[in-house]
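Notes follow once the structure below has been shown.
Because the structure is predicted, anything quoted here is derived from the model rather than measured. Side chains included, hydrogens not; waters and symmetry mates left out as well; all remaining heavy atoms used.
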Amino acid sequence: MAPPVDLVHVVRNGLVESIHTGDVAVCDVDGRVVAFAGDPERALFGRSCEKPVQGAVSFHAMDEPGDLPDDLIAVMCASHNGEPRHVAAVRRLLRRGPVPVSGLQNPRDRMRGGTRSRIHDNCSGKHAGMLVASAHRGWDLATYRSRAHPIQRRVSRAMIDATGVARPTFGVDGCGLPVHGVTLRAMATMYARLSAPDRAGRLASSVDRVVRAMTGSPFMVGGTRRLDTDAMTAAAGRVLAKEGAEALVCATSLDQGLGIAVKVTDGSWRRIAPAFVKVLRDLDVHLDGDGLRHHEEMVVLGGDEPVGTVEAVVALRHRAP
C-alpha cells in the first residue's frame, strides 16, 4: 500500500507550518485509474458521497414521478446547511408521502450541536426521500434505517453495481443509515458512472434525473459557501460534486466521463478545498468566474494581517491509456 502524499501546505511567514496528506483517485466508467496521487486503493466509507446513488434509489422506488422538481430531488442527495430553502424543500418533500416531520430518524442538527430540530440536519433530505419512497411502496416507516429494510437492500445493490465492489464492509453512517466501506478507486468509479446513466441498468433513468437535478439546483446540495455547491455552480452543469464526512470529496467531470475522489488522511475538512479545486484544474475541468476563489486562495493571518497562504501541492500521476 502506497503512503499518502502531501495535498496541502499551510505556510506562515515562509515556513511550512502544517502539512495535510491524503490520496486521490481519478477513474473512467470502466473503473480504470487514469490518474492518482498516493494510494487509489485506500479503504474508506463512502459517507455522504453515496447520496447520489441513495437518491436515485429513492426516486426509482417512488416510480420516478415526473412532477418532482429539481430542488426536491437535489435535497434528497444533499448534505445541506439547514438554510430556510433547504428546510422548506424537505417539508415539501415529506408532504408528498404524506409523511410527518416526526417520521425523520436522523439526528438533530449536527452542524449546530443539536440545537435545531431533525429537519435542519444536513441529512434530513436523504431521510425524507427514503421515507416518501417507503410510504409509496407500503413499506414500514419505523424501520427504514435497518439494513434489512427494502429501501436499504436496494441501496446496497445499487452501491455494489456502481462501485464494482461485490462485498463492501457495512457500517453505520453518522445519520444512522447503513454506509458502505469500499476503496477510493471504487468511489471514483461510481462517480464516473454517473456520467453514463445507462450503466446503472434499471436505475438508468433515475440516475440521469438525479444528475440533472443536482447540477440544476446546486444550492440545494450544500448551500452558502459550500465547496460542492460552488464547484457545480462554477462548472455550469459540467461537474457534479458532493462532499462527504471525514474529508472525502467526490465529483464527476460529465464531459470527460471521469470520476474523482479526494480524501484527506486525518479526516480534517480544514484544508481539503484547495486540493480538490487544484485536482479539477489539473484535469482541465472548465470552471467559470470567481466562485471558487475563497476555496482555493486561503489566507493565513497573523493578527489581522495576512502573513501566509494555504498552498495546494497535490500532483497527479497520469497513467497511459
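In this structure, the side chain of D140 engages the main chain of T143 through a donor-acceptor pair within 3.5 Å. Side-chain atoms of H136 do not come within 3.5 Å of backbone N or O of L131 as any donor-acceptor pair. Side chain of S124 to backbone of H120: no donor-acceptor contact under 3.5 angstrom is found. Under the 3.5 Å distance criterion, the side-chain polar atoms of H149 are matched with a main-chain donor or acceptor of I151.
Side-chain contact between R96 and P65 is present, with heavy atoms from C-beta onward closer than 4.5 Å. Here the side chains of V277 and L227 are in contact, with some heavy-atom distance below 4.5 Å. In this structure, R193 and T189 have side chains that are in contact, with non-hydrogen atoms separated by less than 4.5 Å. Looking only at side-chain heavy atoms (C-beta outward), K242 and E50 stay at 4.5 Å or farther from each other. The side-chain heavy atoms of N122 and R110, taken from C-beta on, include a pair separated by under 4.5 Å. Within the 4.5 Å cutoff, no side-chain heavy atoms of Q54 are placed close to those of M159. At a threshold of 4.5 Å between non-hydrogen side-chain atoms, the residues V210 and C77 count as touching. Residues L177 and H127 form a side-chain contact, since some pair of their non-hydrogen atoms from C-beta on lies under 4.5 Å apart.
Taking a 6.0 Å sphere around CZ of R157, one finds it holds more than 12 heavy atoms contributed by other residues, nucleotides or ligands. Enclosure of atom CZ in R202 by more than 12 non-hydrogen atoms of other residues, nucleotides or ligands within 6.0 angstrom is indicated.
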Residues 295-303 side chain polar contacts: donor-acceptor under 3.5 Å, at least two apart:
| unit_1 | atom_1 | unit_2 | atom_2 | d |
| --- | --- | --- | --- | --- |
| H295 | NE2 | D230 | OD2 | 2.8 |
| E296 | OE1 | R281 | NE | 3.1 |
| E296 | OE2 | R281 | NH2 | 2.8 |

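Residue pairs that meet the salt bridge (Lys or Arg N to Asp or Glu O under 4.0 Å) test with at least one member in residues 74-90, sequence neighbours left out, do not exist here. The stretch residues 208-217 participates, sequence neighbours left out, in these side-chain hydrogen bond (donor to acceptor under 3.5 Å, both in side chains) pairs: D70-R209, D208-R212. Residue pairs satisfying the salt bridge (Lys or Arg N to Asp or Glu O under 4.0 Å) criterion with at least one member in residues 9-24, sequence neighbours excluded, are listed as follows: R12-E17, D23-R42. Every pair tested for salt bridge (Lys or Arg N to Asp or Glu O under 4.0 Å) that includes a residue from residues 301-310 fails, sequence neighbours excluded, so the list is empty.
Not counting sequence neighbours, the partners of A186 by the side-chain contact (heavy atoms from CB on, under 4.5 Å) test are T163, V165, V182, T183. Residues meeting the side-chain hydrogen bond (donor to acceptor under 3.5 Å, both in side chains) test with S206, sequence neighbours left out: E64. Under the side-chain contact (heavy atoms from CB on, under 4.5 Å) criterion, S253 pairs with Q256, L258, V285, sequence neighbours left out. For Q105, the side-chain contact (heavy atoms from CB on, under 4.5 Å) partners at least two apart in sequence or on another chain are Y144, R145. Qualifying salt bridge (Lys or Arg N to Asp or Glu O under 4.0 Å) partners for R153, counting only residues two or more places apart in sequence or in other chains: none. For A128, the side-chain contact (heavy atoms from CB on, under 4.5 Å) partners two or more places apart in sequence, or in a different chain, are V90, L93, L94, L104. Here R32 pairs with D28, D30 under the salt bridge (Lys or Arg N to Asp or Glu O under 4.0 Å) rule; sequence neighbours left out.
The shortest non-hydrogen separation linking I260 to Y191 is N-CB, 4.5 Å. Of all the heavy atoms in A74 and M220, the pair that sits closest is CB-CB, 3.8 Å.
The cluster map of Ile, Leu, Val, Met, Phe, Trp and Tyr, joined by side-chain heavy atoms under 4.5 Å apart, puts V314 and L287 in the same cluster. M190 and L248 fall within the same hydrophobic cluster, defined by Ile, Leu, Val, Met, Phe, Trp and Tyr side-chain heavy atoms under 4.5 Å apart, directly or through other members.
A salt bridge links R137 with D63: the closest approach of a Lys/Arg side-chain nitrogen to an acidic carboxylate oxygen falls below 4.0 angstrom. For R238 and D288, the salt-bridge test passes: some basic side-chain N is under 4.0 Å from an acidic carboxylate O.
A side-chain hydrogen bond (donor to acceptor under 3.5 Å, both in side chains) with S79 is found for one member of R226, K51, R47, K126 and no other, namely K51.
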### Task
Any chance you could lay out the ring pair (Phe, Tyr, Trp, His ring centres under 6.0 Å) test for H180 and F45, step after step, and finish with the verdict?
CA-CA 5 Å; H180 304 82; F45 281 111; 8.8 Å; no

### Message
Would H86 and F219 count as a ring pair (Phe, Tyr, Trp, His ring centres under 6.0 Å) here? Give the steps.
### Response
CA-CA 9 Å; H86 300 126; F219 178 83; 4.8 Å; yes

